2 protein chains.
Amino acid sequence: MNGNDRARTITATDVARVADVSQSTVSLVLNGKWQGRIREETARRVMTTADDLGYRINQSARSLRLGSTGTVLLVVPTLVNPVFATVHAGAARVGAQNGLGVVVFPLGAEDGFGLFPAPRHALDGVIACSLAAEAVSNLRAGLPLVVLDDAPTPGTPTVTMDTGGGMANALAHLTALGHQRIMHLRAERLAWTFTRRAEVFDQCTLSHPYVIANHLSCSFMPAEVRDRMVQVLSASNRPTAVICDDDNMAMGVYAAASALNLIIGEDLSVIGFNDLPAAALVSPPLTTVRLPLGELGSRGMQALVDLRNGAVNEPASLLTELIIRKSVGLVSTGT
Amino acid sequence: MNGNDRARTITATDVARVADVSQSTVSLVLNGKWQGRIREETARRVMTTADDLGYRINQSARSLRLGSTGTVLLVVPTLVNPVFATVHAGAARVGAQNGLGVVVFPLGAEDGFGLFPAPRHALDGVIACSLAAEAVSNLRAGLPLVVLDDAPTPGTPTVTMDTGGGMANALAHLTALGHQRIMHLRAERLAWTFTRRAEVFDQCTLSHPYVIANHLSCSFMPAEVRDRMVQVLSASNRPTAVICDDDNMAMGVYAAASALNLIIGEDLSVIGFNDLPAAALVSPPLTTVRLPLGELGSRGMQALVDLRNGAVNEPASLLTELIIRKSVGLVSTGT
DNA sequence: TTGTATGCGTTATCAG
DNA sequence: CTGATAACGCATACAA
């Protein structure tokens, strides 16, 4: 009746009893701290009985005692876009150098973007990447927090990328080639990086009075982008160039152009963001703004490590790079 | 000297002392179990002081006491491929229905695929998706384990997809249209699903003696696929059809064909796997084997829930579907 | 209506 | 070289 027949999990105490040593000896041996303290024979006996019994350490107890878990949570908006794989790789690399593991939590639209389900497991810190500001405030359950690719907040270590500069470069590239009707195909999802690009786009185009700019907001789904761009590109005063907030959206523009028999790089110029692997591969290869995603992750993790050591890093901003390929040409004279 | 000046974290006991109640009262109130047991005024006082003090529950202590953490780990080979986003979504959905959160761990090539760094934080279970068998054996640190998309092991709940059937369907589609030189463009990465497809490919082509089959192993990187396929397609006896283990690889084949002025769907037929969002969008739209990834995730989580309730599910296999679009045509007579 | 006492499984300190 | 013993912070049965 008192749960005596329930499947019990093997504890260090069990191992101690069977191996006929004290529980502290077990702990010492199993943590590899027995050299010079425990007789080798005893140590060996402990290890084999632990093995025999199938002993598994209880991580909750361990981290309660230690006061830390050795894992940090990387919160991202989605797993669909491979950019976050790069961020993770960077974070995981420097995390490993500091004895920290990384697990990923996709805070998708299903969760309402901002209703962060406070992590129910113990964590040593949180890195929030490309999230809406309101989401971030919810998730800092007293944990060390580093913010990536979001508006710098005083007091919070933040690493951003100069995504606005990327937009400015893209725009300069286009205007230098004579483009005067430029469209910004904006990501629908609310995020600082997109807002920032929109601001820069609006500001830059305003300062070139001869540039007629417009924009359209869209989901990332290529099919939706295609359908809406078919409409846009059918108009007589269609844009001669499109800047897309993501390479995936650029693929949608390619599809729309193809449906309309418009040649990319001649009839229509396209610039993307992110430099996904596919960008170099489509025809024509896509000119795109490359973002230092790996460094974003590694710098973020470094900031978290520093934060745990009591140092609050200054907000940092990383440079972007315009990768020029074949999807942009001189403005076509025909129209 | 004794750490008295160290930043201490606020415990429930602290709250109790300040609010002038016992620690158990704090626990009751903060877990919302005070209705009818604690006077409303007291409860309110506890809540406000907890708030004032910035009290955060210690999850390690909580889960030690409770014996569970409420989170399960989804281990995947990579985050670069968006298919695992779908698996996660399915798992997260039924996890949420059962009070379980899901965090993702990408067991990338950096980790050596098989050297699983045993999770250092407390978990209620592990779902391993599309991993090499040797990796899986390492990671079951005594935790309830469910295996997805891998060879069924007796005693371990497993959910697979009939990926071999998908290959058979793809092959049948091709031979019905007269193709006799068919290539299987295989994923280099070791995984059961790929091995299974290769087996079925070999077996099916063997039973059609007039079919000349060959294969090539490649990474997922589209650029590498393109370069190697340019070589293959330059040969005089080039295949008339290619089945790719992933839609990304198919993009590489498209690029190679484009470089060689081969028309997909006429000069060369292509079939992919996974039905990524981009598959419907490229021109011509890609015929591909759609895998029930979302269901894989949800069934996997359900199996884990059942396992925690003491029921070991039978291995299950999910059906695949060949999505016929425009990238496959009659075999071209010209050569 | 509230407080006391106990134990979850570890690690680490300190005597022996 | 080894064994008691004391926390770590929380949830809950039970006493008051």
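A note on names: the letters A, B, ... follow the listed sequences, proteins ahead of strands, and every chain is numbered from 1. On a predicted model such as this, the values are computed, not experimentally measured, just so you know.
Remark: B/R196 engages B/E199 in a salt bridge (Lys or Arg N to Asp or Glu O under 4.0 Å) (not counting sequence neighbours). For the side-chain contact (heavy atoms from CB on, under 4.5 Å) test, residues two or more places apart in sequence or in another chain that qualify with B/N58 are A/L64, B/S60, B/A61. Residues passing the salt bridge (Lys or Arg N to Asp or Glu O under 4.0 Å) test with B/R308 are B/D124, sequence neighbours excluded. In this view, B/R65 satisfies the salt bridge (Lys or Arg N to Asp or Glu O under 4.0 Å) rule with no residue, not counting sequence neighbours. For A/D149, there are no salt bridge (Lys or Arg N to Asp or Glu O under 4.0 Å) partners at least two apart in sequence or on another chain.
One atom, CZ of A/R17, and another, C1' of D/dG3, lie 16 Å apart when rounded to the nearest Å. Protein atom CD of B/Q59 is 13 Å distant from nucleotide atom C1' of D/dA11, rounded to whole Å. To the nearest angstrom, C1' of D/dA11 lies 13 Å from CD1 of B/I38. Computed from coordinates, the A/W34 CH2 to C/dA12 P distance equals 18 Å when rounded to whole Å.
Residue A/G36 is in sugar-phosphate contact alone, with no base atom involved, counting any heavy-atom pair closer than 4.0 Å across all strands shown.
The side chain of A/T42 sits closest to D/dT2 out of D/dT2, D/dC10, C/dT2. Distance from the side chain of B/L66 is smallest to D/dA11 among C/dT2, D/dA11, C/dG9. Side-chain proximity of A/R39 to C/dT2, D/dA11, D/dC1: nearest is D/dC1. Of the candidates C/dT10, D/dA11, D/dG9, the closest approach to any side-chain atom of A/N58 belongs to C/dT10. For B/I57, the listed nucleotide lying nearest its side chain is D/dC10; candidates were C/dT10, C/dG3, D/dC10.
Only B/Q23, B/S24, B/S27, B/N31, B/K33, listed by number, bring a heavy atom of residues 22-33 of chain B to less than 4.0 angstrom from any atom of DNA chain D.
Listed by first then second residue, pairs satisfying salt bridge (Lys or Arg N to Asp or Glu O under 4.0 Å) with a partner in residues 294-303 of chain B read B/E295-B/R299, not counting sequence neighbours.
Between B/A43 and B/L64, it is B/A43 whose nearest contact on DNA chain C lies nearer the 5' terminus.
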Which atom pairs, donor and acceptor, lie under 3.5 Å between side-chain atoms of residues 33-44 of chain A and protein residues at least two apart or in another chain?
unit_1 : atom_1 : unit_2 : atom_2 : d
A/R37  : NE     : A/K33  : O      : 3.3
A/E40  : OE2    : A/R44  : NH2    : 2.6

Could you go over nucleotides 14-16 of chain C and give all protein N or O partners under 3.5 Å, atom names and distances?
none

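Here the side chains of B/L304 and B/V72 are in contact, with some heavy-atom distance below 4.5 Å.
Regarding contacts with the backbone of D/dG9, every side-chain N or O of B/R62 stays at 4.0 angstrom or more from both OP1 and OP2.
When only modelled atom types and interatomic distance are considered, B/S27 and B/S24 share no side-chain donor-acceptor pair under 3.5 Å.
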